[in-house]
Number of protein chains: 2
Amino acid sequence: MASSGKKKATIYDLSVLSGSSPSTVSAVLNGTWQKRRIKESTAELIRSLAETHQYTANRQARGLRSSRSGLIGLLLPIHDNRYFSSMAQTFEAHVRSKGQCPIVVSASRDPKEERKTAETLISYSIDELFICGATDPDGVHEVCEAAGLKHINIDLPGTKVPSVISDNYEGGRMLTEAIIRRFQASGPLEPHELYLFGGRDDHASRERIRGFRAVKNELLGADPDECIQPTGYAPNNARLAFEAFYGKHGKLPRGLFVNSSINFEGLLRFMAGHPHENFTDLVVGCYDYDPFASFLPFPVIMIRQDVEGMISKAFEVIEEARPQPRIHLIQPELVQPRTALTGPLDALKDIE
Amino acid sequence: MASSGKKKATIYDLSVLSGSSPSTVSAVLNGTWQKRRIKESTAELIRSLAETHQYTANRQARGLRSSRSGLIGLLLPIHDNRYFSSMAQTFEAHVRSKGQCPIVVSASRDPKEERKTAETLISYSIDELFICGATDPDGVHEVCEAAGLKHINIDLPGTKVPSVISDNYEGGRMLTEAIIRRFQASGPLEPHELYLFGGRDDHASRERIRGFRAVKNELLGADPDECIQPTGYAPNNARLAFEAFYGKHGKLPRGLFVNSSINFEGLLRFMAGHPHENFTDLVVGCYDYDPFASFLPFPVIMIRQDVEGMISKAFEVIEEARPQPRIHLIQPELVQPRTALTGPLDALKDIE
DNA sequence: AGTTCTTGCACCATCGATTGTGCAAACAAG
DNA sequence: CTTGTTTGCACAATCGATGGTGCAAGAACT
């Protein structure tokens, strides 16, 4: 349907209707009217006209003039993941509460795509950019820097501006230790029975691996290299790694440290092809939290990263006058099996 | 750090550098230069200057002039959910492939918030709006209509413009039938042993319930009213409903039709407070797909809605010259227990 | 009454890109 | 050499909001 809408009202329309000048109308409607010594009665008239004509400012025009847009960007690897989508959810709430408009875009963990996406956002004159889980944060930094855009890293650190990330080393330690303790009753774990799958050569994975190895050494006395299998993040690569191990040994390791829920999906794909009974003695630790995963038929210990904490901290740091490129660590939380935590969803009104 | 970036280059900068007029520069860089009979060599010069100075057009200026922005909006209830976040992911890919910029925003299933959010998006002169899962699609319609904005409904239908939704009646039937069949071996199900939990008085829930009741009648010969418990979408309301039932009967119904993964989380919360062994004879059908839920210790049959199909159809319909406010049904898919399907994630490059 | 403030607002340039129009120079036709 | 045509581009208005500057009318004061 060729939308029959009348054109939106502008300050010029209201200026004619009210008999004032456009600048007066503008001042009244953007709140600077006191500074301009507009009479209360004039302001009142204009406000009521704006109301009845459903006036809303054209943000492109305002943004053009003021070279600000009211848009705040969040650059994600993907939407389709519980961790990142809860980032989006939390981010949105923060931005909204500042009276601005969130714009969330994903860039598929591809450095080129990341830069291109940042450039696109910049062409819309966004006011700030939160760079989350970027493969190449410093590459995005260059683009932002050239445009004079405030920005900050989340989840994966860069070296040029502040970063707010999970304490992956501590998280890795906690998770590894929890997996090992889980076996204390059923029979002690040998070093070669505890494997780490997933992740790649990024800061988060490296730190988790470092924590994993440290705790293995401390508690199991050894830490063979072959127990580290950084298969990337794609579920199918993880699946292939599990298949390969299974093909070779006829079973999985009893203890698994899985680097993310996405990698965990790879484990599920592997399991779909094998009878359920093969995995009774399994303990999985997963560096991510998902309520359904927490109730699987084998013990699943999970790490929940403090998304709210990270976003809050990031908003705090980005406002600083002279932010140093340091790394702010946020503590994650260990989640025992069969735990259904509440989340951002619980803030929903459910009108019945 | 007070970003030290130089101002971005404009067509005026390039006009000075190239010795051409701003309009010539503009024409060259936006592709209309042939129409304006600009010499190839002039165009070449300007293009190379644009390249070396990293020129990108200011979209606010362009949008102001042309009253288009290149932004396409998606209004979601929430991000933090597998179904909706895969909507976002799929939507984004489609928009990107059209050379435009996606802007995804959530409105918490709140009609007022929905309208306000639509108005905000309109103030940025977005070019089209996809309204997904809105509580009050026709309310949002009014806002769009008044602004002359093309829009379309997804997931929950409105009456004023076309809607693309899942065939919830058929999905409800498929899922109900699958649950019932699941009991054929272990002992036939009585009508009062199959309950539906979750959802509220929206089109999707009504259709699913209609399908549920029809199949129950056909296969079990009866369909008591008390077996329908539309507890809303909030996980905790669902939990309370399960607690109430459990308190009264000392067990859960053997067959559960859960209206969404969010409601399913309510079931998990309930289960977290009860020993695992109580739920061995349980079969759950969930109207949503989640790979982890699919591998729970009891059979979970799921419905996967065809997100790609819905988004594609929506893009097709929204381009139509005179779209009628009809409803386009997209078939969902039944997913047997212990199934790990691939999704949008698998399109990810995983650079190693 | 004349001077100085204060009040209340209008005027206008500006942000950067788009686009309708106009017009010289180059070229072709007669 | 004159008249028409085409080529190649410059000019200027425009989109809607912002904010610096200027100025008339009224109030206050000597």
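Reminder, nothing fancy here: chain letters follow the sequence lines and each chain counts from 1.
Among the nucleotides D/dC9, D/dG16, C/dG16, the one closest to any side-chain atom of B/T24 is D/dC9. For B/S23, the listed nucleotide lying nearest its side chain is C/dT19; candidates were C/dC9, C/dT19, C/dA17. Of the candidate nucleotides C/dT18, C/dG8, D/dA17, D/dA17 has the atom lying nearest to any side-chain atom of A/Y12. Comparing C/dT19, D/dG8, D/dG16 by their nearest atom to the side chain of B/R36 picks out C/dT19. Looking at the side chain of A/N30, the nearest of the listed nucleotides D/dG16, D/dG19, C/dT18 is D/dG19. Listed nucleotides C/dG8, C/dG16, C/dA10 differ in distance to A/R37; the shortest reach to its side chain belongs to C/dG8.
One atom, CG of A/L29, and another, P of D/dA17, lie 9 Å apart when rounded to the nearest Å. One atom, NZ of A/K35, and another, P of D/dG20, lie 8 Å apart when rounded to the nearest Å. Taking atom CZ on B/R62 and atom P on C/dC15, their separation rounds to 19 Å, with Å as the unit. If you take CG of A/D13 and P of D/dC15, they are 11 Å apart, rounded to a whole angstrom. Rounded to whole angstrom, the span from the CZ atom of B/R68 across to the P atom of C/dT18 amounts to 12 Å. C/dT18 atom P lies 7 Å from atom CD1 of B/I11, rounded to whole Å. In this structure, A/Q34 atom CD and C/dC9 atom P are separated by 13 Å, rounded to whole Å. B/L45 places its CG atom 15 Å from the P atom of D/dG8, with the value rounded to the nearest Å.
Within the 4.5 Å cutoff, no side-chain heavy atoms of A/K116 are placed close to those of B/R96.
In this structure, A/E142 pairs ionically with A/R115, as a charged nitrogen and a carboxylate oxygen lie closer than 4.0 Å. Classification of A/E40 and A/R47 as a salt-bridged pair holds, one side-chain N sitting under 4.0 Å from a carboxylate O.
A/S123 and B/R59 are linked by a side-chain donor-acceptor pair at a separation below 3.5 angstrom, with hydrogens and angles left out of the test. Checked by atom type, the side-chain pair A/T56/B/E119 shows no donor-acceptor distance below 3.5 Å.
If B/K39 and B/A61 are placed on DNA chain D by their nearest nucleotide, the residue sitting closer to the 5' end is B/K39. Mapping A/T10 and B/G19 onto DNA chain D via the closest heavy atom, the residue that lands nearer the 5' end is B/G19.
At a cut-off of 3.5 angstrom, counting only N and O atoms as typed in the model, there is no donor on one side facing an acceptor on the other between the side-chain of A/S66 and the base of C/dC15.
Contact check, A/T42 against C/dG8: no side-chain N or O comes under 4.0 Å of OP1 or OP2. Put simply, B/Y55 has a side-chain N or O that comes within less than 4.0 Å of OP1 or OP2 on C/dA17.
Backbone-only engagement by A/S20 is indicated by non-hydrogen atom pairs under 4.0 Å involving sugar-phosphate atoms exclusively.
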